[in-house]
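We name chains A, B, ... by the order of the sequence lines, and we start the count at 1 in each one.
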Amino acid sequence: MPQELSKAYEPGAIETRWAEYWIKEKLFSVKTPAEGETRPVFTLLLPPPNVTGRLHMGHMLNQTQMDIIVRWHRMRGFITLWLPGTDHAGIATQMMVEKQLETEGKKRREMGREKFVERVWEWKKLYGGAILDQMKRLGASVDWDREYFTMDENLSHAVREVFVRLYEEGLIYRGNYIVNWCPWHETAISDLEVKHEEVAGKLWEIRYPVVGSSEFITVATTRPETMLGDTAIAVNAKDERYTHLHGKFVRLPLMGREIPIITDELAQPEFGTGAVKVTPAHDPNDFQAGLRHHLPQIDVMDSRGRMNANAGRFEGLDRFEARKRVLEDLREQGFLVGEKDHTLAIGKCDRCGTVIEPRLSEQWFIKIKPLADRAREAVESGEITIVPENYRTIYLNWMANIHDWCVSRQLWWGHRIPAWTCGACREVIVARSAPEACGKCGGKVEQVPDVLDTWFSSGLLPFTTLGWPEKTRDQAVFYPTTLLITAYEILFFWVARMIMFGCHFMQGHKQDAAIKRAGGWGDKKNDSVPFRQVYIHALVRDAERQKMSKTKGNVVDPLEVIERFGTDATRFTLAAMAAPGTDIAFNESRTEGYRAFANKIWNAARFMFMNVERVKPGLRPGRTAEGGCPHMGVAGFEILNLEDRWILSRFNRVAGDVNEALGSYRFHEAANRIYDFFWGEFCDWYLELIKPRLNFEEGGDESAGRVACANLVNLFDGALRLLHPVMPFITEEIWQAMYEGTPPVKSIALAAYPAADAAQMDLAAETEMAILQDLIVSVRNLRAEMKIEPKVRIPIEVFAPEAGIRNLIEQNHGAVERMAGVEKITFVDRALAALGGSRGTARFDVHVVYERKIDVATECERLRKELEKIEKELANNQRQLGNEQFLAKAPAKVVEGLRRRAEELAVLREKTTGKMRELGCG
RNA sequence: GGGCGGUUAGCUCAGCUGGUUAGAGCGCCUGCCUUACAAGCAGGAGGUCGCAGGUUCGAGUCCUGCACUGCCCACCA
């Protein structure tokens, strides 16, 4: 007999067991397909979580969606590669380890670079795998044999290769520019790592005395402390207020040096006083103006945002303290002439929240325009599609306005820039490996201390994980990857960079032509793109729609949710709530509901096993001739009764819908379709309907019982396969039990995914079943209203003028009797709708024969409401049907449907009013 | 300063390309321990689809404006 399922559904044990099994059996490891392989390939790169990461709901949503799509493809016969790995996460990891050192009373700088990096590696070894371990709990069906780390030697080698090539192509340059500087991290960061925040600030007006005159020129500034580094005052050439001052000098207050008044469009007459101080070393606009006018650049701060020697007596003060002191001094000396409220957007470091200091420093940049142009083209032309489509526009706009990318970081943890400077002649050498000496003067060289932005290496992953720069078979097969599923947050950080790098470095690449292209993916021929489609998923928020954040303390820990409700239920929640384009407010009550769903499946399975043991021992689900799982909806299903035709038809329809929904990332629709089918149709109706057949001992047909049992098993098998991508664990557990340890394939994850089979659909059966359901519900309804005790079986009378309907009910009288607690059905030739204890529908009247006083007032109230609804709808229908324009323009199907409905409504109105008359309702 | 999204039942959300009666879960009410399941079963109440116009034979769905709300982008003092 089949393996026993425990009485209670306890997800914990089941889930760990199968997660381990899948890994142990290497079920998701993909061998490189040989030449001549023609099966379609599906490749997906896991957005690498940070080594420092702990799994949060965002990951879980992301990974659930990926796993659903991946499992779905694998079951449909694709060679399916899902590539996992982790990111070294330069800044984040360095911070983490530094904090750890702090608790030991150690400092990074005292330790020295080499020791520190060693320490980070140790840390990585100990804790770096945490997030991937957590992933295993989710059942993510990744290929663990191909797991990578962005600092692995082969990937690092590729990073160096890319850097050198870009440099040789003139796409990387080094120079002194204003960059976003985080004084806390003491490193440059890219534009993307700066978050702007509106704050209520002040606009101070400072007057500078004009040299050789008693006049002053007043400038407005939000950052008075930078005046210490002013090297000019700018006015607009067109601004007549200042024409007489062109070419003159002012004496810089507090510092005493003379600086010129220049004309530059930097100064806009409308803003402030129309005159602006120019501080080339501390503002990007001023920097540009400074270049235009060959102004000196005076840096007045150090790397930690403290004033340096150039700031005179303010040296050593923190920049904010310096601001206060500068203002005090200016006020005292009569230079501060105005102070206004002013809201401004200040940039803060994405990671630590420190106010960014625009800082002049020597950095490495990628000349982005040539790369961006091709990356934009790839999306514009449809070589890469972005879903939902509105992100396409966002992407294109961003690409069109992109600035050069500062890729150097003043950190120790990361890919060191492959560049060396000569100690003697300052020559810069960019090379694949360390040069022995300076090629120019023979001097000693030293490697540049900077490392690369983390996103530099992750941007290369689609091809570096497949062996680049070697030309590998893996690349020929798996590149371009098929799909990328990710959050909007990293569209620019990561997705955009992958497209730029992919298009550049994989130019001319051709995917193995023998590999079948799956429909919908990559109909365009350009194979240099890193992926053919990007699906952007929603953000997971808390139940109050707030963004989850540690500081708010509203983070929902997925592992805790899993602990309580199970992975399957949690996955199902995320899938069921993931409508494309809208954020998910994670609500635990939903998860609770889906655990109940899992429990329902569990118990339905127990019911099945109970019957297999009793009715048809040794029964297994049907297999194909080759011994595999049926590809079509259900195999080995034998039709005896209406309910068989009906459920088979429903199953196929649902399978069709689910496949379609998954194909367009409508996860919620797929999940809900399965849920409704399994619970609302399979359990509520089908199982109940076949129970009498299974209980043939009480005088029923034994062979029909055995068929029913076989049908149950085969249908269950199909339903499990349909559900498996969303709830992998419970489906595996039950499915394995059904095969008693000898399944046709090692796991349901490798079984065939059900597809809709038109031959198994039966519209007539669905219509007939709906009528029976209507009759059963009507009787249940009446019983509830009449407060008939559940145990009492009552006789009913049915009036069905159409012979077909009468036959239908007659043939299925057993089902009606059982499902509605009916003792006997008597067919009569007179209308019954007007009687007490009766209900009239368009097709039949049913009367419950039972002596019970009916609360006339309540009944009348109910009828009044119903009549109102009927009349409202009927009036609406008739208005439309009387409209010639409608008849002429609306599709025939709609008109026809409306007409039929109007006829029904007329009948219902007749029956309802008749009854009201009979009851004497007012 | 630009751009994008949301507003549907008490709560959380579906409702794809406009088409007959706007759905689900949770919560609520009534009745049931009916031998798969009380994490269950049966029945029920509850909505002028944010507001105002417009297009259309027909609008929750398309257009315009407004209100509230959330997000992203942005080197202007």
Short N-O contact, [X] and [Y], less than 4.0 angstrom:
X	Y	value
A:Glu669	A:Arg673	no
A:Lys691	A:Glu688	yes
A:Glu903	A:Arg899	no

On RNA chain B, more 5' by nearest nucleotide between A:Asn397 and A:Arg666 is A:Asn397
Nearest heavy atom decides the nucleotide; on that basis, is A:Glu688 or A:Ala576 closer to the 5' end of RNA chain B?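 Looking at RNA chain B, the more 5' nearest nucleotide goes with A:Ala576.
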Given the options A:Asn883, A:Asn876, A:Asn877, A:Arg879 meets side chain to side chain donor-acceptor pair (under 3.5 Å) only with A:Asn876
Does the ring centre of [Y] sit less than 6.0 Å away from the ring centre of [X]?
X	Y	answer
A:Tyr208	A:Phe335	no
A:Tyr594	A:Phe565	no
A:Phe716	A:Phe678	yes

I'd like to know whether A:Met608 forms a side chain to side chain contact (heavy atoms under 4.5 Å, CB included) with A:Val713, so could you lay out the CA-CA distance, the side-chain angles of the two residues, the decisive distance to 0.1 Å, and finally the verdict. CA-CA 7 Å; A:Met608 167 179 66; A:Val713 167; 4.1 Å; yes
What about A:Asn883, does its side chain sit under 3.5 Å from the base of B:rC57 through a donor-acceptor pair? no
Query raised in the report: Can you find a donor-acceptor pair, distance only, under 3.5 Å between A:Arg899 side chain and B:rU20 base?
Result: no
Please give, in whole Å, the distance from [N] [atom2] to [X] [atom1]?
X	N	atom1	atom2	result
A:Phe607	B:rU34	CZ	P	16 Å
A:Phe716	B:rC37	CZ	P	14 Å
A:Phe597	B:rA24	CZ	C1'	13 Å
A:Asp283	B:rA74	CG	C1'	14 Å

Taking the side chain of [X] as heavy atoms from C-beta outward, which of [options] is closest to it?
X	options	answer
A:Phe886	B:rU56, B:rC37, B:rG19	B:rG19
A:Met610	B:rU20, B:rC57, B:rA36	B:rA36
A:Phe492	B:rG19, B:rC73, B:rG5	B:rC73
A:Pro790	B:rG19, B:rG31, B:rC37	B:rG31
A:Arg590	B:rC26, B:rA36, B:rU12	B:rU12
A:Tyr9	B:rC57, B:rA39, B:rA36	B:rA39
A:Lys691	B:rU21, B:rC75, B:rA36	B:rA36
A:Asn285	B:rG19, B:rC75, B:rA36	B:rC75

Heavy-atom contacts, protein to nucleotides 42-47 of chain B, under 4.0 Å, summarised as B (base), S (sugar-phosphate only) or - (none) per nt, yield SSSSS-
Does [N] have its OP1 or OP2 closer than 4.0 Å to a side-chain nitrogen or oxygen of [X]?
X	N	answer
A:Lys195	B:rC73	yes
A:His196	B:rC72	no
A:Asn877	B:rU21	yes
A:Trp679	B:rC41	yes

Touch check for [X], heavy atoms < 4.0 angstrom, all strands: base, sugar-phosphate only, or nothing?
X	result
A:Tyr594	nothing
A:Pro891	base
A:Gly593	nothing
A:Ala267	base
A:Arg595	base
A:Asp676	nothing

Could you work out the separation of [N] and [M] based on their [atom1] atoms and round it to a whole Å?
N	M	atom1	value
B:rG23	B:rC66	C1'	30 Å
B:rA14	B:rA9	P	12 Å
B:rC62	B:rG19	P	11 Å
B:rG10	B:rC51	C1'	22 Å
B:rG60	B:rG15	C1'	8 Å
B:rG43	B:rA24	P	12 Å
B:rU61	B:rG50	P	8 Å
B:rA42	B:rC4	C1'	47 Å

Side chain to side chain contact (heavy atoms under 4.5 Å, CB included) assessment of A:Arg780 paired with A:Met819: CA-CA 9 Å; A:Arg780 285 172 176 171; A:Met819 302 281 284; 4.0 Å; yes
*side chain to side chain donor-acceptor pair (under 3.5 Å) between A:Arg843 and A:Thr841, worked out*: CA-CA 5 Å; A:Arg843 292 250 163 64; A:Thr841 72; over 6 Å; no
Does the side chain to side chain contact (heavy atoms under 4.5 Å, CB included) test come out yes or no for A:Phe607 and A:Leu694, once each step is laid out? CA-CA 11 Å; A:Phe607 175 76; A:Leu694 293 170; 3.9 Å; yes
Encoded 5' to 3' (Watson-Crick or G-U under 3.5 Å; [ ] crossing; | other strand), RNA chain B becomes (((((((..((((.....[...)))).(((((.......))))).....(((((..]....))))))))))))....
* Begin from the C-alpha positions of A:His403 and A:Asp191 and carry the test side chain to side chain donor-acceptor pair (under 3.5 Å) through to its verdict. => CA-CA 8 Å; A:His403 297 282; A:Asp191 294 349; 5.2 Å; no
